[in-house]
Amino acid sequence: MNRLYIKRGELMEYQEAWQQLQAGKIFSVYLLYGEETYLSHSFEQAVIEKLLPPEQRTLNLTVFDSDPDFRELSLAVQTTPFFGDQSVV
């Protein structure tokens with residue numbers, strides 16, 4: 001079963017997080033983990049679709065192909081969005 005850690009350390013099951021996302025309740029940080037990578041990837045794509053219009057994804061979407069080191073991740077998270085209100089890392 002995939003789980004999501006959501007702000008303030010609250011543990012949430014995938015279905016509950018999915019329902020909140022669809023209802024427009026979006027948290028600033030999601031930590032997805034579990035063996036079912038399909039569910040993690042589906043949720044990740046849903047967050048991107050909800051937050052970033054396609055024309056903003058080139059500048060405001062950061063995807064790491066491998067685990068970033070702390071400095072690299074920190075810089076990506078702190079970068080101000082370009083021509084948009086938010087970014088997704």
Side-chain angles (χ1 to χ4, degrees):
M1 171 74 54
N2 274 27
R3 299 184 187 275
L4 301 140
Y5 273 112
I6 313 234
K7 75 179 194 183
R8 286 184 240 131
E10 176 185 347
L11 182 63
M12 186 177 294
E13 295 293 335
Y14 174 81
Q15 288 293 63
E16 183 181 354
W18 185 263
Q19 290 169 350
Q20 289 192 8
L21 178 65
Q22 295 305 313
K25 186 173 184 181
I26 300 168
F27 296 99
S28 58
V29 175
Y30 293 93
L31 172 62
L32 290 73
Y33 77 95
E35 296 177 9
E36 300 177 43
T37 56
Y38 174 79
L39 292 179
S40 295
H41 183 71
S42 295
F43 191 82
E44 172 187 312
Q45 291 303 309
V47 168
I48 293 168
E49 302 256 335
K50 194 82 164 172
L51 293 177
L52 293 177
E55 64 273 7
Q56 290 185 14
R57 293 179 191 164
T58 302
L59 296 173
N60 294 322
L61 175 63
T62 302
V63 177
F64 294 103
D65 294 327
S66 61
D67 292 341
D69 62 33
F70 178 77
R71 184 170 185 268
E72 187 178 20
L73 180 60
S74 179
L75 285 172
V77 170
Q78 294 177 36
T79 300
T80 303
F82 297 104
F83 304 111
D85 296 331
Q86 51 214 348
S87 61
V88 175
V89 177

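Owing to the predicted nature of the structure, the values given are computational and were not obtained by experimental measurement. Position 1 is the first residue of the sequence, and the numbers go up from there.
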Check whether more than 12 heavy atoms from other residues, nucleotides or ligands sit under 6.0 Å from atom CG of Asp85, and answer yes or no. no
Minimal heavy-atom distance between Ser87 and Pro81, with the atoms involved, is N-CG, 3.9 Å
What are the two closest heavy atoms between Lys50 and Gln22, and how far apart are they? NZ-O, 3.5 Å
Is there a side chain to side chain contact (heavy atoms under 4.5 Å, CB included) between Thr62 and Val88 once you walk through the steps? CA-CA 6 Å; Thr62 302; Val88 175; over 6 Å; no
Verify side chain to side chain contact (heavy atoms under 4.5 Å, CB included) between Val47 and Glu44, making sure each step is shown before the conclusion. CA-CA 5 Å; Val47 168; Glu44 172 187 312; 6.0 Å; no
Could you walk me through whether Arg57 and Glu49 satisfy the side chain to side chain contact (heavy atoms under 4.5 Å, CB included) test, starting with their C-alpha distance in whole Å, then the side-chain angles of each, then the deciding distance to 0.1 Å, before giving a yes or no? CA-CA 10 Å; Arg57 293 179 191 164; Glu49 302 256 335; 4.1 Å; yes
Using every non-hydrogen atom in the two residues, find where Ala46 and Trp18 come nearest and quote the distance to one decimal. CB-CZ3, 3.3 Å
Residues clustered with Leu73, ILVMFWY side-chain links under 4.5 angstrom: Phe64, Val77, Val89
Closest contact, heavy atoms only, Leu52 versus Asn60: CD1-O, 3.5 Å
Would you check, one step at a time, whether the test side chain to side chain contact (heavy atoms under 4.5 Å, CB included) holds for Phe27 with Gln20? CA-CA 9 Å; Phe27 296 99; Gln20 289 192 8; 3.2 Å; yes
If you define the side chain from C-beta out and look only at heavy atoms, does anything of Ser74 sit under 4.5 Å from Arg71? no
Taking all non-hydrogen atoms of both residues, which atom of Phe83 and which atom of Leu59 are closest, and how far apart? CD1-CD1, 3.8 Å
